[in-house]
Amino acid sequence: MSLVKLNVKKGDTVVVLSGKDKGKQGKVVTAMPKKGKVIVEGVNKVKRHTKPNVKAPQGGILVKEAPLHACKVMLVCPACNKPTRVGHKEVNGKNVRVCKKCGEVIDETK
Ligand SMILES: [Zn+2]
């Protein structure tokens, strides 16, 4: 089974690289490695019309974030606060993610 390796994961702060939300920053709320997509808080919002139901007899408009391709976002390094590519290396026998800009270890990966 081949999993797409995402460079970002849940809880990461990312910046959007393209599209209508270009330049926006937000937190990854859902990572979908199988689809290569992420959902970012406050980014790529879409309106969905909902059918009338008990709670909303008139129907309604639901605004929610739609998934976007992980390649369209870049991690914002928690250490230097800049958008960066993510590097991987081994430190003390553990795989970690590192910031390509400042070299700081971001976190461990499994
Ligand atoms: Zn950094």
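Start at 1 and go down the list; that is how both ligands and their atoms are numbered. In what follows, every heavy atom counts, from backbone to side chain, and hydrogens, waters and symmetry copies are set aside.
- Note on K9 versus D107: salt bridge recorded, some NZ/NE/NH1/NH2 to OD/OE distance being below 4.0 Å.
- The hydrophobic cluster containing V96, built from Ile/Leu/Val/Met/Phe/Trp/Tyr side-chain heavy atoms closer than 4.5 Å, also comprises V91, V98, V105.
- Under a 4.5 Å side-chain heavy-atom criterion applied to ILVMFWY residues, the cluster that includes L17 comprises V15, M74, V76 as well.
- With respect to E108 and K94, a salt bridge is recorded, a charged nitrogen being found less than 4.0 Å from a carboxylate O.
- Within the protein, the N, O or S atoms sitting under 2.8 Å from the Zn ion (ligand 1) are C77 SG, C80 SG, C99 SG, C102 SG.
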Start with the C-alpha gap between V73 and V38, add the side-chain angles, then the distance that decides, and say whether side chain to side chain contact (heavy atoms under 4.5 Å, CB included) holds.
CA-CA 9 Å; V73 301; V38 291; 4.1 Å; yes
Show every donor-acceptor pair shorter than 3.5 Å between a side-chain atom in residues 63-72 and any protein atom, with sequence neighbours excluded, or say none if there are none.
unit_1: E65; atom_1: OE2; unit_2: G42; atom_2: N; d: 2.7

